[in-house]
Amino acid sequence: YSSKSYIFPTGTIMVLEFEKAQGGILHAITEESALYVLEGEGSVDVAGERVPIKQGDVVSYPSGALRGKADAVIVAWRVTGTTSKDESRPMVIKSSDATLRQLGYWPGPDGQRVVVTTAEDLRNAPPNAIRLEMKGYSFDGNSVTVTKNYRGGPTNKSTGERDGLLYITSGKMRFFQDDIDVIAGPGDAIRETAGRYHNWIRLEDSSFVGIGTSPATPIKVDKPTDY
């Protein structure tokens, strides 16, 4: 199988691609904090039990080995820190159990940001609205989020106390952070750095999957912002 690693100061993103013609899925789990099944299906050990996983599922703190007979693409992360002081509990979050959130926002007549979260309000949103859908998988001390972005922007500048390690799965986006100005597309990885403001222009409808990670030295932000 093929493996790509994107190494950042606060963690690593690994993309594992398996082919049935080459023997299917076989990958020993070492220090993976979480994994997301981007394509295909297989199985992995979770707290000593072999568990089937398929497209759209997330596993926190898997163990043993990934196994399967079909084609598959797995996105996995190793992170430096979580929000939990206790030992994290291995678990599976099925795609059907993830939390779906819709969000839209745009500048109102008074200059204040208007935010809507219902399908009806999004249908009535102005053409310049920023629109996205987020599918959240929460587990002890962390979460994985799959985000679908609709063309548009720029988004509001935002920051937080944790890094975001993102792997782009479709579409093109332009990413800004301090002196960074880069166009990223499928197969690229981005680090949203804690304490530094960033924003995006969605050049096309696009999507990415990401996880949070805490820097070794805590970052304090007076007013963390989101989107």
Side-chain angles (χ1 to χ4, degrees), residues 6 8-11 13 36 75 77 79 81-83 98-138 141-215 217-227:
Y6 306 79
F8 299 98
T10 52
I13 303 172
Y36 171 73
V75 181
W77 296 267
V79 301
T82 70
T83 59
T99 302
L100 183 63
R101 179 186 175 202
Q102 296 180 308
L103 178 67
Y105 65 85
W106 61 92
D110 57 357
Q112 297 296 312
R113 185 169 66 161
V114 178
V115 180
V116 299
T117 58
T118 68
E120 181 178 358
D121 286 339
L122 283 167
R123 284 194 296 269
N124 296 324
N128 66 331
I130 300 296
R131 306 163 189 260
L132 61 158
E133 296 175 2
M134 295 169 288
K135 196 170 186 178
Y137 302 75
S138 297
N142 216 333
S143 63
V144 167
T145 303
V146 179
T147 303
K148 181 177 180 180
N149 308 280
Y150 292 90
R151 181 178 178 179
T155 64
N156 283 6
K157 290 185 177 181
S158 60
T159 189
E161 297 179 347
R162 306 185 72 218
D163 281 7
L165 302 184
L166 316 178
Y167 177 72
I168 298 174
T169 56
S170 69
K172 289 184 179 181
M173 296 179 285
R174 190 173 178 182
F175 176 70
F176 304 89
Q177 182 173 266
D178 293 343
D179 59 348
I180 297 172
D181 178 351
V182 62
I183 294 177
D188 293 333
I190 293 286
R191 176 194 180 200
E192 295 179 334
T193 306
R196 296 168 63 182
Y197 283 90
H198 61 265
N199 67 313
W200 300 81
I201 294 176
R202 287 76 178 263
L203 303 174
E204 302 171 346
D205 290 352
S206 51
S207 59
F208 56 73
V209 57
I211 198 170
T213 177
S214 301
T217 301
I219 301 293
K220 293 297 182 183
V221 176
D222 290 337
K223 294 182 179 180
T225 54
D226 185 16
Y227 300 100

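Owing to the predicted nature of the structure, the values given are computational and were not obtained by experimental measurement. Numbers for residues simply follow the sequence, beginning at 1. Quick note: numbers below take in every heavy atom, side chains included, and nothing from hydrogens, waters or symmetry partners.
In summary, the side chains of S158 and H198 do present a donor paired with an acceptor at a separation below 3.5 Å, with no hydrogens or angles considered. Judged by distance alone, the side chains of T117 and Q102 never bring a donor and an acceptor atom under 3.5 Å apart.
M134 places none of its side-chain heavy atoms less than 4.5 Å from the side chain of L100. A 4.5 Å side-chain heavy-atom check between N149 and M173 finds at least one atom pair inside the cut-off. Inter-residue side-chain proximity for V79 and T10 is flagged as unmet; no heavy-atom pair is nearer than 4.5 Å. Using a 4.5 Å heavy-atom cutoff, the side chains of V146 and K148 are not in contact. Side-chain contact between P9 and R191 is present, with at least one heavy-atom pair separated by less than 4.5 Å.
Not counting sequence neighbours, the partners of S170 by the side chain to side chain donor-acceptor pair (under 3.5 Å) test are S207. Applying the side chain to side chain donor-acceptor pair (under 3.5 Å) criterion to D205, with sequence neighbours excluded, gives no partner residue. Listed by chain and residue number, R162 satisfy the side chain to side chain contact (heavy atoms under 4.5 Å, CB included) test with S214 (two or more places apart in sequence, or in another chain). Residues that satisfy the side chain to side chain contact (heavy atoms under 4.5 Å, CB included) test with I201, not counting sequence neighbours, are P154, R174, F176, L203. Scanning for salt bridge (Lys or Arg N to Asp or Glu O under 4.0 Å) contacts around R131 gives an empty result, with sequence neighbours left out. For E204, the side chain to side chain contact (heavy atoms under 4.5 Å, CB included) partners are K172, not counting sequence neighbours. A search for salt bridge (Lys or Arg N to Asp or Glu O under 4.0 Å) contacts involving R151 returns nothing, not counting sequence neighbours. Remark: W200 engages F175, F208 in a ring-ring contact (aromatic ring centres under 6.0 Å, His included) (not counting sequence neighbours). Applying the salt bridge (Lys or Arg N to Asp or Glu O under 4.0 Å) rule to D178 yields the partners R196; only residues at least two apart in sequence or on another chain are considered. Residues satisfying the side chain to side chain contact (heavy atoms under 4.5 Å, CB included) criterion with N128, sequence neighbours excluded, are W106, P107, P126.
In this structure, Y167 and V75 approach most closely via the heavy-atom pair CD2-CG2, 4.0 Å. The two residues T155 and I130 have their closest heavy-atom pair at CG2-CG2, 4.1 Å. When all heavy atoms of Y105 and N156 are compared, the pair lying nearest together is OH-N, 3.1 Å. A pairwise comparison of heavy atoms in D163 and P215 identifies OD1-CG, 4.3 Å as the closest pair. For I168 against A184, the heavy-atom pair with the smallest separation is CD1-CB, 3.3 Å. Between A189 and F8, the closest heavy-atom pair is CB-CZ, 4.0 Å.
Between the Q177 side chain and the E192 main chain, no donor and acceptor come within less than 3.5 Å of each other.
Interatomic distance, Y6 OH to I190 CD1, rounded to the nearest 0.5 Å: 11.0 Å. Taken from CG in L166 to CD1 in I211, the straight-line distance is 11.0 Å, to the nearest 0.5 Å. To the nearest 0.5 Å, atoms OG1 (T159) and CG (N199) are separated by 11.5 Å.
Here salt bridge (Lys or Arg N to Asp or Glu O under 4.0 Å) pairs that include residues 119-130, with residues two or more places apart or in two chains, number zero.
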For this session: Give the intermediate values and the outcome of side chain to side chain contact (heavy atoms under 4.5 Å, CB included) for residues W77 and V144.
Result: CA-CA 10 Å; W77 296 267; V144 167; 4.0 Å; yes
